[in-house]
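Just so you know, these numbers come straight off a predicted model, no measurement behind them. Values below: every heavy atom of this structure, side chains too, minus hydrogens, waters and symmetry copies.
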Amino acid sequence: MPEYEFVNVYVPRGVSRKEAARLLTDHAEYGHWELDRLSLHTDGSRRVRLRRRIIRQMRATW
């Protein structure tokens, strides 16, 4: 079962859709995050939950 870590990003209502997409693209490219959940509120703000997989290193035995 894969393990994930999460981060919540708040995008205020004044941010355009294009700018929000660029912000999330930067998170995806440089932080290896992927979109988990997006909620659009009635005032125009967005709450985004991003996730990335936690890779555990196996201990080498000699």
### Side chains of Ser39 and Arg37 in contact at under 4.5 Å (non-hydrogen atoms)
no
## Note on the structure
Taken in chain and number order and not counting sequence neighbours, the residues that satisfy side-chain contact (heavy atoms from CB on, under 4.5 Å) with Tyr10 are Pro12, Ser45, Arg47
### Message
So, using side-chain contact (heavy atoms from CB on, under 4.5 Å) as the criterion, who are the partners of Val9 when residues are at least two apart?
### Response
Val11, Leu23, His27, Val48, Leu50
### Message
Do Val15 and Leu38 land in one hydrophobic cluster if side-chain heavy atoms of ILVMFWY residues count as linked below 4.5 Å?
### Response
yes
### Message
Give me each pair satisfying salt bridge (Lys or Arg N to Asp or Glu O under 4.0 Å) with a member in residues 12-21, each pair once, sequence neighbours excluded.
### Response
Glu19-Arg22
### Message
Going by side-chain contact (heavy atoms from CB on, under 4.5 Å), name the residues that satisfy it together with Arg53, two or more places apart in sequence or in a different chain.
### Response
Pro2, Tyr4
### Query
For the atom pair OG1 (Thr25) and OH (Tyr30), what is the distance rounded to the nearest 0.5 Å?
10.0 Å
### Any residue meeting side chain to side chain donor-acceptor pair (under 3.5 Å) with Arg51, in chain and number order, not counting sequence neighbours
Glu34
### Residues in side chain to side chain donor-acceptor pair (under 3.5 Å) contact with Asp26, at least two apart in sequence or another chain
none
### Message
By the salt bridge (Lys or Arg N to Asp or Glu O under 4.0 Å) test, which pairs, at least two apart or in different chains, include something from residues 2-12?
### Response
Glu3-Arg56, Glu5-Arg52
### Query
When rounded to the nearest 0.5 angstrom, what is the spacing between CZ in Arg49 and CG in Asp36?
4.5 Å
